[in-house]
S.K.: 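Shown below is the structure under consideration.
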Protein chains: 2
Amino acid sequence: MTDGRALKHVQVREYVRSLVTGCAPGSPAPSERELVHRFGVARMTVRQAMDALVVEGLLERIPGRGTFVARPRRTASKITGYTEEMNRRGLLAESQTLLARREQAGPGVARALSLSEGDAVIHWRRLRRADAKPMCLEDAYLNEVLLPGFLQSGMPTSLYDALESRGLRPTWAEDSITADKATTEEAALLEVEAGASVLRHSRRAIAGEKVVEVSRTVYRADRFTLWVQLGQES
Amino acid sequence: MTDGRALKHVQVREYVRSLVTGCAPGSPAPSERELVHRFGVARMTVRQAMDALVVEGLLERIPGRGTFVARPRRTASKITGYTEEMNRRGLLAESQTLLARREQAGPGVARALSLSEGDAVIHWRRLRRADAKPMCLEDAYLNEVLLPGFLQSGMPTSLYDALESRGLRPTWAEDSITADKATTEEAALLEVEAGASVLRHSRRAIAGEKVVEVSRTVYRADRFTLWVQLGQES
DNA sequence: TAGTGGTCTAGACCACTAT
DNA sequence: TAGTGGTCTAGACCACTAG
């Protein structure tokens, strides 16, 4: 547990973290001077450890009283892909690949992926089902340079899992959402009437500095409501 | 500028902030030891000041090299109201109040506002225009207890400005978005054909621990695309 | 009054970077 | 080699809270 080579403030921090995780908000953490004695370190070292946990939102200090487990912060929506999102809603996510091939980027996709026109991209079109019924139709474009051998390695169910395993989990996304009516082609695939309401969702997903995914998805409006949490509390 | 009573680490922090705001990312900040000499304080005090600016995202440290102005972080979408949002898009926001009165909360509104059924709420319905043409129809419900005299004080153009002036600027919002077709009543007000595509946007806006606004807005899909930025970088 | 967190000092050694 | 940030010590005084 306690690695002798670990930095002292890290040792103290992780000791306190293990003590308080799971404790109810408002539970007291050890006092700084108690930790000074327990670890035989200077108080500044303990403060450095506690500071990190306070910044992280795990603890809060109350001057004159002590340090306590903080009420969990509300956090903005996590960036999720389809599979994760449907699982969160208690639905079974399935996908049927309609198209998966190497293409040359057109002007729109090239700009969105921060590439040059004609650069190699992976175009992946899927009909995605939730509890066996059509939910959406997704066209994803990926930068092939970032995903060598992706098409050959057998397509995964979850793109975001595949990205995560390559260290490309998106940390930032720019989404646009609009309402429209299904085209006849879309309607046929989604098993709705032509002209039925659909939600169009475009995403530009970024990992670090790299644009890893650009996608356009059309959702059946009768089956899908988009939820977004904004802001950062406390 | 420098208040003699101010804490030393605050003095140092604000001195550094004033030096580097406006500087290009990558510009060097003063070294810690330079600030030690300039202010005649201990190095830990300088580090406390710099730590705050690093946490804030203004500076970044590079071990062995120095401290530099950080690349501005991408931040998740700010929680904005209609007026702000339209101004950001370069459109002139105008509103026409269709209804503004005290009501008793129904079950849905009461639950959303964390009130009891029958509690007093303010119901404010507006037809909102952008560049003189109808953009959306908004029904906002406000907790009257939090906004004493709101109805009597003359309705503002921007609800969010009014909330901000009372210290109730939302810091957290839960939005849901869906696609639909306009009802005949909505179509008439929005000046579109009945059955035209619309985007329905519901919001529950929270300031601190209090739910300050619950609203349902129906946007003309031909005029409005919702943009959302998610995640927190660096 | 005893304990808490908030602030601050005046040093120290280390690994790393740049010249 | 000189300078940087990273870590750490062993104290100190303060304002505040609680018993």
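Quick note on labels: first sequence line is chain A, next is B, and so on, each numbered from 1. Just so we're clear, the structure is a prediction, and the values are computed from it rather than from any experiment.
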S.K.: Between P30(B) and P63(A), just flag the one whose closest nucleotide in DNA chain D comes earlier from the 5' side.
M.R.: P30(B)
S.K.: Between L35(B) (CG) and dT9(C) (P), how many Å, whole number?
M.R.: 13 Å
S.K.: Please answer whether the main-chain N or O of T80(B) pairs with a side-chain N or O of R88(B) as donor and acceptor at a distance below 3.5 Å.
M.R.: no
S.K.: Distance to the ring centre below 6.0 angstrom and angle to the axis at most 45 degrees; does that hold for R89(B) and W227(B)?
M.R.: yes
S.K.: Whole angstrom is fine here: how far is it from CZ in R13(B) over to P in dC8(C)?
M.R.: 11 Å
S.K.: I need the CZ-P distance between F39(A) and dT9(D), as an integer number of Å.
M.R.: 12 Å
S.K.: For R33(B) and for A42(B), locate the closest nucleotide of DNA chain C by heavy-atom distance; then report the residue assigned to the nucleotide nearer the 5' terminus.
M.R.: A42(B)
S.K.: Taking the minimum atom-to-atom distance to the side chain of K8(B), which one of dT9(C), dC13(C), dC13(D) wins?
M.R.: dT9(C)
S.K.: OP1 or OP2 of dG6(C) versus the side-chain N and O atoms of R47(A): is any pair under 4.0 Å?
M.R.: yes
S.K.: Return the nearest nucleotide to the side chain of R65(B); candidates are dA18(C), dC8(C), dG5(D).
M.R.: dA18(C)
S.K.: Give the rounded distance in Å between these two atoms: CZ of F68(A) and P of dT17(D).
M.R.: 12 Å
S.K.: Report yes or no: does S215(A) contribute a side-chain atom to a donor-acceptor pair with the main-chain N or O of D139(A) at less than 3.5 Å?
M.R.: no
S.K.: Could you give the CD-to-P distance, from Q48(B) to dC8(D), as a whole number of Å?
M.R.: 17 Å
S.K.: Which whole-number value in Å describes the distance from H37(A) NE2 to dT4(C) C1'?
M.R.: 14 Å
S.K.: Give none if dC16(D) has no partner; otherwise give the nucleotide forming a Watson-Crick or G-U wobble pair with it, both distances under 3.5 Å.
M.R.: dG3(C)
S.K.: How close or far is atom P of dG6(C) from atom CZ of R43(A), stated in whole angstroms?
M.R.: 8 Å
S.K.: S31(B) side chain N/O closer than 4.0 Å to the phosphate oxygens (OP1, OP2) of dT4(D)?
M.R.: yes
S.K.: For D119(B) and S116(B), indicate whether the former's side chain and the latter's backbone hold a donor-acceptor pair under 3.5 Å.
M.R.: yes
S.K.: Could you check how far CG of L7(A) sits from C1' of dC8(D), rounded to whole Å?
M.R.: 11 Å
S.K.: Of the nucleotides dT9(D), dG6(D), dG5(C), which has the atom closest to the T67(A) side chain?
M.R.: dG5(C)
S.K.: Any side-chain N or O of T45(A) under 4.0 Å from OP1/OP2 of dC8(D)?
M.R.: no
S.K.: Are the aromatic rings of Y15(A) and F39(A) close, with centres under 6.0 Å apart?
M.R.: yes
S.K.: Considering heavy-atom distances to DNA chain D, does I62(B) or M44(A) have its closest nucleotide positioned more toward the 5' end?
M.R.: I62(B)
